[in-house]
Amino acid sequence: MGALVVNRSGSKAEGARREFSPAARARFDETLKRYPTRQAALLPALWIAQEEFGWISKETVEYVAGLLNLTPAYVDGVVTFYTMYHREPVGRTVLQVCSSISCHLCGAQSLLLLIEKKLGIKPNETTADGAFTLQEVECIAACDGGPALIRGEDILLGIDEKKLDQIIAEGRGK
Amino acid sequence: MAKFEPILTAQISDPRQKSIDTYLKKGGYEGLKKALSLNPDEVTAQVKASGLRGRGGAGFPCGVKWGFVPKNTGNPIYLLCNADESEPGTFKDRLIIENDPHQIIEGIAIASYALGVRTAYIYIRGEMYLGAKVLNAAIAECYQKGILGPRVHGSEFALDLHVHRGAGAYICGEETALIESLEGKRGQPRIKPPFPAIKGVFGCPTVVNNVETLACLPHIFTRGVDWFTSIGVPKGTGPKLYCISGHVNRPGVYELPMGVNLKELIDEHAGGMKGGKLKAVIPGGASAPVLTADEIDVALDFDSLAARGTMLGSAAVIVMNDTTCMVNTTVNLLKFFAHESCGQCTPCREGTPWSYRLLSRIEEGGGSLADLDLLLGIARNMSNGMTICVFGDAAAAPIQSFIKKFRTEFEEHIAGRTCHGLVEPSPSPNHSALPGSMPAAISVRS
Amino acid sequence: MGKVTIDDIAIEVPDGTNLMEAARKAGVEIPHFCYHPGLSVVAQCRMCLVDITGIPKVQPACNSFAKDGMIVNTQNEKVKEAQRAVMEFLLINHPLDCPICDQAGECKLQDNSFGYGQGGSRYTISKRQYPGFDRTAIGPHVVADMTRCIQCTRCIRFCQEISETGELSFQERGGRTLVWTHEGRPLDNEMSACAADVCPVGALTVKEFRFRARVWYLEKANSICAGCDVGCNVTVESKDKIAYRFLPRQNFSVNDHWMCDYGRFLVEDFNRRDVKAPRRRATRDGDPAGSFETISFDAAIDAAAASLLAAKESKKRIVIVAPASLPTEALWLAKKLAVEALGSAEIVTFIPKGEKPHRVKNQKTWAEGIEGVPNGAGARLLGLAESTNLLPEKGGNPEVVLVVDGDLASLSQDPNLVKNLRKARTLIVLARLDSQLTAAADLVFPLAPHTESEGTFVNGRRRLQRFDRAFLPLDGNRPAWELLSRIGRLFGEGFSFVTAAAVFEAMSAAVPSLGGITFPSIGSEGISLEPKTAGAAPDPKPAPEEKKN
């Protein structure tokens with residue numbers, strides 16, 4: 001049983017100022033129209049940013065804050081509250097393994113250990129070739145198919161070793 | 001008993017059900033038409049009469065909730081569809097979202113008409129990428145066909161509907177945290193008063209309803225209130241989606257009349273026990289007190305379960321066989337709560353990691369018997385108004401119920417004796433789902 | 001209005017009054033951390049939980065509002081159990097830093113633990129760490145130590161609602177929650193140190209004060225900031241005649257609970273003492289090469305009086321310069337000296353340029369300063385004419401100029417001014433800090449800053465405010481009113497004042513707009529001199545309640 005140490009992952013700096021592409025900017029502008037306040041567009045704006053840039057860097061935080069008249073510290077607070085915004089670059093395939101009770105009862109921990117062994121990384125790490133990032137998450141609403149995981153945007157059920165090998169092969173091929 | 005004909009999940013296996021043409025062809029949006037022919041207060045009255053209770057977990061009567069909304073404040077009224085389904089063991093909303101989205105949209109439209117809503121939002125958890133895509137496509141179709149927009153179904157009623165994606169926080173399923181998240185903030189539940197019906201999103205009267213609750217509405221209007229009340233039990237009417245997972249042969253969503261017997265659900269619908277004999281069942285998600293194998297002869301409705309000291313919650317039935325270690329299970333549940341605590345208020349922010357670490361220590365053979373009383377004390381101190389929202393009470397429930405009903409297992413772990421289960425190794429308590437790196441520090445003594 | 005009973009004490013309060021304020025009125029202490037009367041309510045710390053009859057669960061007093069007939073209990077076992085529970089939760093991860101923590105002695109965690117905690121710990125595992133987030137400056141004036149933080153969000157709310165700069169936010173969630181800035185955007189605004197004021201523990205501390213004094217040894221005196229004409233009420237905290245810090249003092253008519261960093265950190269300036277004894281230039285006629293010799297007070301007073309008397313009798317030009325940074329008593333005495341004792345001496349006041357006004361938040365609005373000196377309104381009230389170039393050209397070079405330099409030695413900042421003043425045959429200067437002015441003078445008196453005497457300032461909104469003495473003057477320094485009195489005494493009657501209060505009383509009797517206000521009647525919140533409320537102290541306005549959005 002380890003210690004409670006908060007090594008905060010503040011959004012890493014990447015040194016380059018990023019801006020939305022015209023297409024992303026258009027999506028952002030359309031999103032603004034849906035809400036009576038600018039601030040309400042923050043989560044959608046961060047999603048657009050993550051889709052554009054792959055992750056939310058310090059500079060991206062400052063950019064989004066500027067678009068919405070918020071302070072960068074405020075946006076940091078939102079980015080770090082939610083688990084799905086990446087605060088550092090991630091691999092081409094992000095594997096989020098559910099560890100909540102139903103999947104746990106169906107072997108989620110063994111699955112996680114198997115993935116760790118096959119990929120050689122622990123949760124919150126990325127493989128050296130940049131192919132995979134592994135994360136351990138809570139219930140993904142796939143409990144009848146435990147152990148389950150999210151690969152990229154897809155919820156995949158009943159992951160046995162065979163399915164896992166296929167996922168890894170597909171990920172390496174990307 | 002006669003096989004129950006599903007309604008909510010009747011069209012789930014038709015891959016074309018997502019398209020509005022199929023939905024309309026099968027009689028879809030007739031319920032909305034019917035509701036539009038009444039005046040809004042009549043719609044609310046019928047929903048009240050149907051006895052429909054919220055399907056998100058709290059079981060609050062839907063029509064009564066709608067009745068709290070003041071319609072004369074001069075502010076717009078908002079309806080928020082809670083599609084943040086994140087309670088462990090729950091996967092019923094995702095089924096409808098991905099396979100029969102128009103049923104939900106129709107329910108939203110009916111509710112919006114009754115409440116006088118002009119703009120509604122579906123708050124969907126970030127992990128449901130497919131669900132968001134399906135809903136957005138269905139909404140686009142609705143605008144094309146005039147089901148949404150300035151003249152809903154050709155009437156004077158106007159409605160806009162948008163999908164708003166969350167980004168990974170269980171607590172955003174709590175209605176005021178959902179509201180905060182929609183407003184572009186950290187998903188921290190609000191202090192009450194004021195209540196959302198009076199002052200909710202953007203400072204305006206707001207109703208938050210669960211996906212399944214809204215999905216019931218079209219059927220109340222196409223088939224009638226009497227039909228709805230004829231199903232289920234008096235204080236728990238209508239069809240109910242039950243999720244069953246864990247050590248059963250056929251885990252899945254089962255649509256049954258509210259009040260089905262738990263034993264029947266396990267044995268007759270879910271194919272019975274897998275891998276061992278029944279040891280324990282959690283009837284309603286991570287915060288529902290656990291039932292032992294002797295206690296499963298109970299109706300799965302709000303009041304019957306409450307009378308047994310537990311709850312229906314999100315109807316997430318989690319079944320454990322006798323290879324399961326109860327201590328390990330409790331550790332897993334508290335890991336969930338420690339990860340998902342928003343961190344605002346003292347008892348939950350400090351109590352959830354503390355109890356998680358104490359339980360982990362016990363599981364590893366450490367700790368002392370005094371820890372059990374300490375854990376019960378922590379649980380007590382996170383409940384009954386100590387916290388801003390009921391997350392504290394929710395985290396306390398597994399601590400209290402597992403120690404109460406399986407105390408010997410805890411004592412045996414503390415004594416260092418063999419564990420009961422084919423135990424899954426627990427993740428270390430320092431584990432977090434968040435990527436990590438250390439920023440540079442600036443020393444003050446420079 | 002309605003009757004609310006708190007612990008069997010019945011009080012009348014308007015319906016809707018926050019129970020924290022109702023309890024304060026009833027004299028009942030409700031322990032708390034996150035509640036602050038100047039900030040929005042969040043009800044997060046859960047320390048203020050009370051028992052309200054008719055409601056089964058304990059309720060946070062800060063989010064409960066008075067209703068006629070409400071009965072509140074803060075002493076029963078239900079409440080005590082809740083308080084012990086919250087204290088236990090707060091202490092499990094809190095470091096045992098008291099021996100090295102500045103907050104000790106004014107720490108809510110210490111106070112509430114002692115008063116309401118359970119006195120022992122059941123925590124047997126390791127405490128939470130925040131590597132890289134402890135003992136680190138997060139701004140020019142504030143040091144943060146996240147290990148001590150109790151996540152009350154007062155500092156965050158301060159930055160959002162009061163300074164409106166939003167540098168701080170909650171980050172992460174759950175047990176990992178911390179308060180921090182965005183990298184590269186430090187806590188750097190015009191009132192940043194107030195964030196450390198509101199912090200109830202030692203998580204945010206003021207860098208300038210760090211490790212310098214234990215607060216229980218500090219003596220406190222009510223004072224007024226001399227940085228500009230906003231006139232923030234402050235408390236001077238000192239020990240052994242050293243001022244250690246200025247803290248904002250609550251005044252809902254001026255500065256609420258706040259003050260700006262500029263005014264706060266003038267404190268170190270006030271401790272500087274260059275001129276400690278009277279000195280006279282050994283040669284005459286302004287020979288700059290002349291060296292200074294220290295002389296006794298009596299000799300100095302005699303020398304000053306002699307020059308002034310000689311000039312008066314030969315009807316030569318005498319100018320007295322009293323800048324608007326001086327207390328009202330000194331300004332009045334300077335005028336009295338010029339007009340009564342010296343016949344037709346000129347008396348000019350001066351608003352030094354280069355002193356910028358500042359501003360402070362008073363409840364929800366910015367109170368903007370207009371002038372960079374504390375007593376421009378006081379000078380105008382006394383009918384002193386303002387001169388910009390200091391020495392009107394008419395009448396040729398003066399025979400004697402007597403200059404009183406203000407607390408911040410602003411007169412001496414402008415070399416042209418000094419050159420101008422040096423045209424006098426004899427230049428007498430009252431000052432605390434060495435400057436071109438003191439170097440150019442013929443006779444220098446050691447001046448004490450306003451904090452070492454009582455007195456008044458009139459702020460830019462014509463509020464008469466009183467300051468008390470922090471400690472007796474150091475060494476040989478004397479307050480301006482006393483030096484001017486002693487000089488005046490040699491010219492006749494009417495200058496035999498023994499205290500600043502006596503000067504005020506005489507002034508109040510003589511100046512119509514002061515209407516005979518007595519010095520003791522100027523309470524700790526001052527008196528507005530605006531026509532409709534002249535002579536009556538207005539009720540301090542309570543800060544309006546704010547609920548969290």
Review point. Which heavy atom in C:Ala43 sits nearest to a heavy atom in B:Ile191, and how many Å separate them?
Key: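 That would be CB-CG2, 3.6 Å.
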
Review point. Where is the tightest heavy-atom contact between C:Ser126 and B:Arg357, given as atom of each residue plus distance?
Key: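 Nearest pair, atom of C:Ser126 first, then B:Arg357: OG-NH2, 2.8 Å.
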
Is chain B contacted by the side chain of [X], its backbone, both, or neither, given a heavy-atom distance below 4.5 Å?
| X | value |
| --- | --- |
| C:Arg128 | side chain |
| C:Glu88 | side chain |
| C:Thr124 | both |
| C:Phe170 | both |
| C:Leu49 | side chain |

At what distance, to the nearest 0.5 angstrom, does [atom1] of [X] lie from [atom2] of [Y]?
| X | Y | atom1 | atom2 | answer |
| --- | --- | --- | --- | --- |
| B:Arg186 | C:Glu172 | CZ | CD | 8.5 Å |
| C:Arg173 | B:Glu340 | CZ | CD | 4.5 Å |
| C:Asn93 | B:Arg349 | CG | CZ | 9.0 Å |
| B:Thr346 | C:Ile150 | OG1 | CD1 | 7.0 Å |
| B:Lys185 | C:Ser169 | NZ | OG | 14.0 Å |
| C:Glu81 | B:Asn384 | CD | CG | 10.0 Å |

Practice item. Using modelled atom types only, decide if a donor and an acceptor are shared between the side chain of C:Arg122 and the backbone of B:Asp371 within a distance under 3.5 Å. Key: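 Such a contact is absent between C:Arg122 side chain and B:Asp371 backbone.
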
Practice item. Could you tell me whether the side chain of C:Gln44 and the main chain of B:Gln344 form a donor-acceptor pair under 3.5 Å? Key: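 Side chain of C:Gln44 to backbone of B:Gln344: a pair is present.
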
Review point. Can you tell me if NZ on C:Lys127 sees more than 12 non-hydrogen neighbours from other groups inside 6.0 Å?
Key: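 Yes.
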
Exercise for review: Inspect the surroundings of CZ in B:Phe60 and state if more than 12 heavy atoms from other residues, nucleotides or ligands are less than 6.0 Å away.
Suggested key: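 More than 12 within 6.0 Å, yes.
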
Any side-chain heavy-atom pair from [X] and [Y] closer than 4.5 angstrom?
| X | Y | answer |
| --- | --- | --- |
| B:Glu350 | C:Gln151 | yes |
| C:Arg176 | B:Pro353 | no |
| C:Val86 | B:Met386 | yes |
| C:Thr177 | B:Gln188 | no |

**Study point:** Proximity breakdown for B:Ala169 and chain C, heavy-atom pairs closer than 4.5 Å
**Key:**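 Contact with chain C involves both backbone and side-chain atoms of B:Ala169.
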
**Study point:** Part of B:Thr387 lying under 4.5 Å from any heavy atom of chain C
**Key:**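 Contact with chain C: backbone only.
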
Practice item. Return the option, out of B:Pro347, B:Ser341, B:Cys345, with the maximum number of heavy-atom pairs under 4.5 Å with chain C. Key: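 Among B:Pro347, B:Ser341, B:Cys345, the one with the most close pairs to chain C is B:Pro347.
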
Practice item. Could you tell me which of C:Arg46, C:Met47, C:Gln59, C:Arg84 has the largest number of non-hydrogen atom pairs under 4.5 Å with chain B? Key: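 Option with the greatest count: C:Arg46.
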
**Study point:** Contacts with chain C made by residues 372-381 of chain B (heavy-atom distance under 4.5 Å), listed by residue number
**Key:**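 Those residues of residues 372-381 of chain B which have a heavy atom under 4.5 Å from chain C are B:Leu374, B:Ile378, B:Arg380, B:Asn381.
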
Review point. Of all residues at least two apart in sequence or in a different chain, which pass the side-chain contact (heavy atoms from CB on, under 4.5 Å) check with C:Pro186?
Key: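 Listed in chain order: C:Asp188.
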
